[in-house]
Amino acid sequence: MQPAWLGSAVLIEVLLEARRRGFLGPGPVEDHLRHSLGFVRAGTQGGHSMVVDLGSGGGIPGLILALAWPESRVMLLDASERRTSFLSDALDQLGLAGPRVKVVRERAESAGRQARWRSTADLVVARAFGPPAAVAECAAPLLMTGGRLIVSEPPEGGHARWPQAGMEALGLAGSSPELHEGRWYRVLEQKQLCPDRFPRRSGVPMKRLLF
Ligand SMILES: C[S@@+](CC[C@H](N)C(=O)[O-])C[C@H]1O[C@@H](n2cnc3c(N)ncnc32)[C@H](O)[C@@H]1O
């Protein structure tokens with residue numbers, strides 16, 4: 001059964017506005033909602049101490065996770081001023097504004113080096129943030145030991161995208177991909193804290209891919 005807020009006119013209007021501003025990709029808004037629901041299923045029951053949506057853009061999947069998991073703290077992290085100001089307005093419209101759900105305008109590489117955020121998340125999610133190596137290098141520093149990284153995979157995604165040696169260098173370990181809502185999701189676990197040398201300087205994780 002789908003939760004009632006999924007069909008909320010306000011939520012649909014927020015996502016349509018994100019699309020109008022170029023913050024959300026093509027395809028029906030309902031597909032983006034379903035894509036987000038896959039993260040909800042992969043992230044199990046919620047109750048997370050801190051969920052970070054890496055490169056939240058128009059709020060997919062972070063806004064949906066904040067609605068789905070009213071007990072969880074959520075951070076919508078994005079480097080873009082236009083996107084973060086849109087996200088702040090979206091929180092107001094959705095009744096999510098408050099200390100539980102925060103919008104942070106910061107580069108992920110910088111957030112991962114700051115003591116207030118480093119190793120604090122028990123879940124990091126990423127959709128369309130970048131290649132696996134950049135996602136992993138930006139996510140791992142934010143994760144506590146035992147925390148998880150959930151990434152939605154392209155339809156052709158396979159094991160080769162997440163080589164074990166590359167994961168291990170960041171303290172991560174992979175698992176089999178999971179199928180939810182018709183899409184594949186990769187769930188990785190932070191087995192030990194990410195080494196201090198990561199993330200590298202802003203821009204480097206994307207330009208000089210670790211694996
Ligand atoms: C392709 S969009 C994806 C947005 C959203 N997750 C989605 O799937 O619709 C990538 C987003 O990541 C943000 N971004 C890119 N590099 C970043 C970085 N190093 N730190 C923080 N945000 C970044 C961009 O501003 C953009 O909003």
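In this text the structure is predicted, and so the values were computed from the model without any measurement. In listed order, ligands and their atoms are each counted from 1.
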In terms of side-chain geometry, is the basic nitrogen of [X] or [Y] positioned less than 4.0 Å from the acidic oxygen of its partner?
X: Glu181; Y: Arg183; answer: no
X: Glu189; Y: Arg148; answer: no
X: Glu137; Y: Arg200; answer: yes

Contact table, ligand 1 N/O with protein N/O, distance under 3.5 Å:
residue	atom	partner	partner atom	Å
ligand 1	6 (N)	Gly55	O	2.8
ligand 1	6 (N)	Ile60	O	2.8
ligand 1	6 (N)	Arg127	O	3.0
ligand 1	8 (O)	Arg127	O	3.3
ligand 1	8 (O)	Arg127	NE	2.5
ligand 1	8 (O)	Arg127	NH2	3.3
ligand 1	9 (O)	Arg127	NH2	3.0
ligand 1	19 (N)	Arg107	NH2	3.2
ligand 1	19 (N)	Glu109	OE1	3.0
ligand 1	20 (N)	Ala108	N	2.8
ligand 1	22 (N)	Ala79	N	3.2
ligand 1	25 (O)	Asp78	OD1	2.7
ligand 1	27 (O)	Asp78	OD1	3.4
ligand 1	27 (O)	Asp78	OD2	2.6
ligand 1	27 (O)	Arg83	NE	3.1

Item checked: Partner of Val125 by side-chain contact (heavy atoms from CB on, under 4.5 Å), out of Val52, Val74, Leu65, Val40 -> Leu65
Next item on the list: Count the heavy atoms of every other residue, nucleotide or ligand shown that sit under 6.0 Å from CZ of Arg100, and state whether that count exceeds 12.
Entry: yes
Item checked: His48 side chain to Arg73 side chain, donor-acceptor N/O pair below 3.5 angstrom -> no
